[in-house]
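All values below come from the heavy atoms of this structure, side chains included, with hydrogens, waters and symmetry mates left out. For the single chain, residues carry numbers from 1 onward in sequence order. Remember, it's a predicted structure, so these values are computed and weren't measured experimentally.
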Amino acid sequence: MSILTGELMTLSRRKFVHLLSIATTACTALITPAISWAAWVNDAFNANETEEAYKKLFGSTSLKKTKKVKLKVPKVPNNNNAVPISVKTDIQNVDSISLFVENNPQPLVAIFEIPDGTLPKISTRIRIYQTTTVTAVVKTGEQLFSKSQRVTITDGQCGG
């Protein structure tokens, strides 16, 4: 009889049930924060007003405008269905970069989590429904830094 078989044979039903309950508890403990985080972020994405989205996502509406956040978005984009946008910053210890479009039906359009040691720089494309202000919010610990830019959508652009 091998050692492995002998060890498996000594695992009683009581020990097995005990290990199973520990594993189940551990999995539940790990999944619960992810579920509550998803609900919290979902509330922010479903907000209809920019201030409401800030409050639901960050717990605050106090943003510090700064030149340390670089926001690049065309002032008059060619196609409002895929507007290129990029954000970068030299601010240290960035937790996330979020994008808000003031006059969109849901102003929060994206959240990018920035892992430790990663360059805080993102690029993407977003849809903008009408002339509005686009705001990038950089979160570091409890501080919120922002940069905004006005974007004009003209009648001749693709979109709908």
Side-chain angles (χ1 to χ4, degrees), residues 20 22-160:
L20 184 61
I22 290 172
T24 302
T25 303
C27 287
T28 302
L30 293 173
I31 291 172
T32 301
I35 291 170
S36 63
W37 184 81
W40 164 55
V41 171
N42 191 40
D43 287 346
F45 273 112
N46 287 324
N48 296 320
E49 301 291 329
T50 307
E51 295 290 318
E52 178 187 5
Y54 292 154
K55 186 75 173 169
K56 289 186 177 192
L57 184 61
F58 304 120
S60 173
T61 59
S62 297
L63 308 178
K64 292 182 183 178
K65 293 181 182 179
T66 181
K67 292 181 180 180
K68 291 184 177 183
V69 175
K70 307 294 186 215
L71 172 63
K72 186 176 179 184
V73 58
K75 290 183 181 184
V76 182
N78 293 328
N79 179 352
N80 68 310
N81 286 318
V83 179
I85 185 170
S86 64
V87 180
K88 67 180 179 176
T89 184
D90 294 332
I91 298 171
Q92 298 296 310
N93 303 315
V94 172
D95 297 324
S96 67
I97 298 173
S98 302
L99 301 174
F100 296 84
V101 179
E102 190 173 297
N103 292 335
N104 272 8
Q106 283 83 32
L108 176 58
V109 295
I111 303 169
F112 299 89
E113 296 292 324
I114 308 297
D116 287 339
T118 305
L119 181 65
K121 178 180 178 181
I122 60 102
S123 293
T124 191
R125 292 182 182 271
I126 61 174
R127 183 172 188 187
I128 299 177
Y129 288 84
Q130 59 187 309
T131 297
T132 191
T133 299
V134 174
T135 302
V137 178
V138 173
K139 182 178 184 294
T140 62
E142 298 300 317
Q143 293 188 314
L144 302 171
F145 299 95
S146 71
K147 178 72 173 189
S148 297
Q149 182 178 314
R150 191 82 178 148
V151 176
T152 302
I153 303 299
T154 61
D155 290 338
Q157 292 170 314
C158 298

Asker: In sequence, state the C-alpha distance, the side-chain angles, and the governing distance for Asn48 and Gln106, and then conclude on side chain to side chain contact (heavy atoms under 4.5 Å, CB included).
Answerer: CA-CA 5 Å; Asn48 296 320; Gln106 283 83 32; 4.0 Å; yes
Asker: What's the verdict on side chain to side chain contact (heavy atoms under 4.5 Å, CB included) for Val137 and Tyr54, showing C-alpha distance, side-chain angles and the deciding distance?
Answerer: CA-CA 9 Å; Val137 178; Tyr54 292 154; 4.1 Å; yes
Asker: Please report the shortest heavy-atom distance between Glu113 and Ile111, naming the atom on each side.
Answerer: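 In terms of heavy atoms, the two residues are closest at OE2-CG2, 3.8 Å.
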Asker: Any idea how Phe100 and Phe58 line up, ring-wise: parallel (<30°), tilted (30 to 60°), or perpendicular (>60°)?
Answerer: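 The arrangement is tilted - the two ring planes meet at 30° to 60°.
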Asker: What closest approach, in Å, do Thr140 and Val94 show between heavy atoms, and which atom pair accounts for it?
Answerer: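 Where Thr140 meets Val94 most closely, the heavy atoms are CG2-CA, 3.7 Å.
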Asker: When rounded to the nearest 0.5 angstrom, what distance separates CD1 in Ile91 from OG1 in Thr66?
Answerer: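 Ile91 atom CD1 to Thr66 atom OG1 measures 5.0 Å (nearest 0.5 Å).
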Asker: Measure the CD-CG distance between Glu51 and Leu63 for me, rounded to the nearest 0.5 Å.
Answerer: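 Atom-to-atom, Glu51:CD and Leu63:CG are 7.5 Å apart.
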Asker: Which atom pair, heavy atoms only, marks the closest approach of Ile114 to Ser96?
Answerer: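 Looking at all heavy atoms of both residues, the closest pair is CG1-CA, 4.0 Å.
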Asker: Val138 versus Pro120: any side-chain heavy-atom pair under 4.5 Å?
Answerer: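 They are not in side-chain contact.
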Asker: Check for a donor-acceptor pair, side chain of Asn93 on one end and backbone N or O of Gly141 on the other, with a separation under 3.5 Å.
Answerer: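 Between the backbone of Gly141 and the side chain of Asn93 there is no qualifying donor-acceptor contact (under 3.5 Å).
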Asker: Please report the interatomic distance NZ(Lys65) to OG1(Thr135), rounded to the nearest 0.5 Å.
Answerer: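 Between Lys65 NZ and Thr135 OG1, I get 8.0 Å after rounding to 0.5 Å.
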Asker: I need the Lys55 NZ to Ser62 OG distance, nearest 0.5 Å.
Answerer: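 Answer for the NZ-OG pair, Lys55 versus Ser62, is 8.0 Å.
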Asker: Is it the case that more than 12 heavy atoms not belonging to Lys139 sit under 6.0 Å from its NZ atom?
Answerer: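 It does: Lys139 NZ has more than 12 such atoms within range.
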Asker: What heavy-atom pair brings Pro74 and Pro84 nearest, and what distance separates the two atoms?
Answerer: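 Of all heavy-atom pairs spanning Pro74 and Pro84, the closest is CD-O, 3.2 Å.
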Asker: Do Thr133 side-chain atoms and Gln149 backbone N/O form a donor-acceptor pair below 3.5 Å?
Answerer: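 Pair absent, no side-chain N/O of Thr133 close to backbone of Gln149.
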Asker: Rounded to the nearest 0.5 Å, what separation is found between the OG atom of Ser123 and the CZ atom of Phe112?
Answerer: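 That separation rounds to 8.5 Å.
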Asker: Check Pro107 against Ala47 and note the closest heavy-atom contact, atom names and distance.
Answerer: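 Closest approach of Pro107 to Ala47: CD-O, 3.1 Å.
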Asker: What do you reckon, is CG of Asn46 surrounded by more than 12 foreign heavy atoms closer than 6.0 Å?
Answerer: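 More than 12 within 6.0 Å, yes.
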Asker: Quick one: do Lys56 and Asp43 make a salt bridge, cutoff under 4.0 Å?
Answerer: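 The answer is no: the pair does not qualify as a salt bridge.
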Asker: Donor-acceptor pair, Asn103 side chain versus Tyr129 backbone, under 3.5 Å?
Answerer: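 No; judged by distance alone, with no hydrogens or angles, the pair does not exist.
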Asker: Rounded to the nearest 0.5 Å, how far does CD1 of Ile122 lie from CD1 of Ile97?
Answerer: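 Spacing of CD1 (Ile97) from CD1 (Ile122) equals 5.5 Å.
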Asker: Can you tell if the side chain of Leu99 reaches within under 4.5 Å of the side chain of Thr124, non-hydrogen atoms only?
Answerer: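 Of all side-chain heavy-atom pairs linking Thr124 with Leu99, at least one is under 4.5 Å.
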